Amino acid sequence: MQDAQGRKTLLLHGAILANFDLGSRNRKEKEPSFSFDATIHPKTKEIDMDKALERFLKYVRIDTQSDENSPTIPSAEKELNLSREILKDLEELGIHGEIDRFGRLYAHLDGEEGLDPIGLNSHVDTALEISGANVKPRIVPNYDGGTIVLNEAYSMSPKEFPSLARHIGDDLVVTDGTTLLGGDDKAGDAIILAAMDYLVHHPEIKHHPVCLLFTPDEEIGRGSEKVDLKKWGAKYAYTVDGSCYTDIEVETFNAAHADILIQGVSVHPGDAKGKMVNASSLACEFDALVPERIRPQYTEGREGFNHLVEISGNVDKASLHYILRNHDLEKLAEQKEMFRLAAETLKAKYPKAVISLSIKDDYRNMKEILDRHPEAFLKAKAAYEKLGIAWTSHPIRGGTDGATFSFLGVPCPNIGTGAYNYHGRYEYLSVGEFNKMIQIVVEILKA
Ligand SMILES: [Zn+2]
């Protein structure tokens, strides 16, 4: 019985693996091929770009790293130092706001009656991979396309970072190589502030009511938690948390995670014949059943992946933790099925082991919602077209808080900031793109 079952499972498993596609046949997304147009850079007469950049440089100097090991909300008290600074800057503009007990900052700017209230969201915290304390931003004026020396140990050039080649003639803000920059997402914070500054100083411009939301803890996946959508008040919204200024992002991964626990049979190795079932060896065997080519390091564009995040074990017990990602929900279901088959295969082969598999969903591709409620996308698209900017759209290989907001009833694409190389010392801001984003946000908000 067990043998027969085992063979059937193995066969099934082989058939699934052979037919597994995961989107590789999909059209490859092309990198946007454009160079920055120096004629639209750096200053638009009416928007105070110097003040906008000044605000950005002020924000990045505030250490706001969130803390995934903290149970508090927000996870780190220091995140609020920036929220308070933003609130102060808003109040200077006459925009009233409040930071609630969960550290969410809400603020509203009145607009034309009868128009949909538009939401803008950015986050105040920075990533965990590298320190965000003592950030010393430096401006590289009129970038010449060559190597930028960050410090004695680190430098960057278009060879390793091809996006740099698009910014020749532009001013860049870079790090001193010891920290991240915090363009993610303080560029978003500063863009939103600059857009508000402009609208407040130009009362003749008719615009939508604006609902602002600045969140802590985005980098640890808790940014959308505790958000009071009623208090926010947006009909649809934008996260200002992307990179390239031409990108209107409407597609995220569908996400799930899988945990495999293996209970083996531990006996003295000298006396193990026919008795020992080594849980760690089974863990390795399980991972070997997950096809090599659908791992993160071999995938791009719309190709999904299974990623072994953690493996641990001894003879007695072992565990594996995977994240599963795909833009296509049906393909994600196939990936889950593959994990079930791998577990069944091992169970059949090692009846003395106890193998348990648990698969849980994390977030879903917001495209599903944005296709049904396209207002936010169409409004952004119209703004780009009005400004004569060719927009692009690439699937995000990750999730956004906008995906969560979308499923909660506030459709929420992601737009750019002009900051690149997130979460590391090579992070930089294109001042030209940052300025362009301020114009784009203003245009989106116009009546
Ligand atoms: Zn971000």
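Because the structure is predicted, anything quoted here is derived from the model rather than measured.
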### Task
Please say whether the positively charged group of R425, taken as NZ for Lys or CZ for Arg, lies over the ring of Y154, i.e. under 6.0 angstrom from the six-membered ring centre and within 45 degrees of the axis.
yes
Side-chain atoms of residues 398-408: list all donor-acceptor pairs with protein atoms under 3.5 Å, sequence neighbours left out, distances to 0.1 Å.
residue: T400; atom: OG1; partner: G402; partner atom: N; Å: 3.1
residue: T400; atom: OG1; partner: A403; partner atom: N; Å: 3.0
residue: S406; atom: OG; partner: G402; partner atom: O; Å: 2.7
residue: S406; atom: OG; partner: C412; partner atom: N; Å: 3.0

### Query
Does C211 offer a backbone N or O that forms a donor-acceptor pair with the side chain of W232 under 3.5 Å?
yes
Quick one about [Y] and [X] (side-chain donor to acceptor, distance below 3.5 Å, no hydrogens or angles considered), yes or no?
X: S66; Y: D125; result: yes
X: Y238; Y: S122; result: no
X: E427; Y: Y420; result: no
X: N306; Y: Q335; result: yes
X: E79; Y: S75; result: yes
X: T215; Y: N121; result: yes
X: K186; Y: T64; result: yes
X: S358; Y: D259; result: no
X: D185; Y: Y422; result: no
X: T392; Y: D247; result: yes
X: H123; Y: E218; result: yes
X: E160; Y: Y426; result: no

Identify each donor-acceptor pair in which a side-chain atom of residues 91-101 lies under 3.5 Å from a protein atom, sequence neighbours left out, and give them as a table.
residue: D100; atom: OD1; partner: F102; partner atom: N; Å: 2.9
residue: D100; atom: OD1; partner: G103; partner atom: N; Å: 3.1
residue: D100; atom: OD1; partner: R104; partner atom: N; Å: 2.9

### Task
Kindly determine whether D217 and K226 satisfy salt bridge (Lys or Arg N to Asp or Glu O under 4.0 Å), including the steps that lead there.
CA-CA 11 Å; D217 294 342; K226 304 288 179 194; over 6 Å; no
Can we say [X] and [Y] salt-bridge, meaning some charged N sits less than 4.0 Å from an Asp/Glu carboxylate O?
X: E337; Y: R340; answer: yes
X: D50; Y: R55; answer: no
X: E385; Y: K381; answer: yes
X: R302; Y: E251; answer: yes
X: D328; Y: K331; answer: yes
X: K88; Y: E85; answer: yes
X: E368; Y: R364; answer: yes
X: R84; Y: D89; answer: no

### Query
In this structure, which one of K386, K379, K436 forms a salt bridge (charged side-chain N to carboxylate O under 4.0 Å, His left out) with E443?
K386
### Message
Taking side-chain contact (heavy atoms from CB on, under 4.5 Å) as the definition, give me every residue that meets it alongside S356, ordered by chain and number, with sequence neighbours left out.
### Response
L261
### Task
Report the distance from atom CD of E219 to atom CD of E129, rounding to the nearest 0.5 Å.
7.5 Å
### Message
Please report the interatomic distance CG(N142) to CD1(I168), rounded to the nearest 0.5 Å.
### Response
10.5 Å
Take atom [atom1] of [X] as the centre, draw a 6.0 Å sphere, and report whether it contains more than 12 heavy atoms from other residues, nucleotides or ligands.
X: K336; atom1: NZ; result: yes
X: D144; atom1: CG; result: yes
X: D371; atom1: CG; result: yes

Whether [X] and [Y] hold their rings parallel, tilted or perpendicular, with breakpoints at 30° and 60°:
X: F377; Y: W391; result: perpendicular
X: Y322; Y: F339; result: perpendicular
X: Y428; Y: H167; result: perpendicular

### Task
Measure centre to centre between the rings of F253 and H327, then say whether the value is under 6.0 Å.
yes
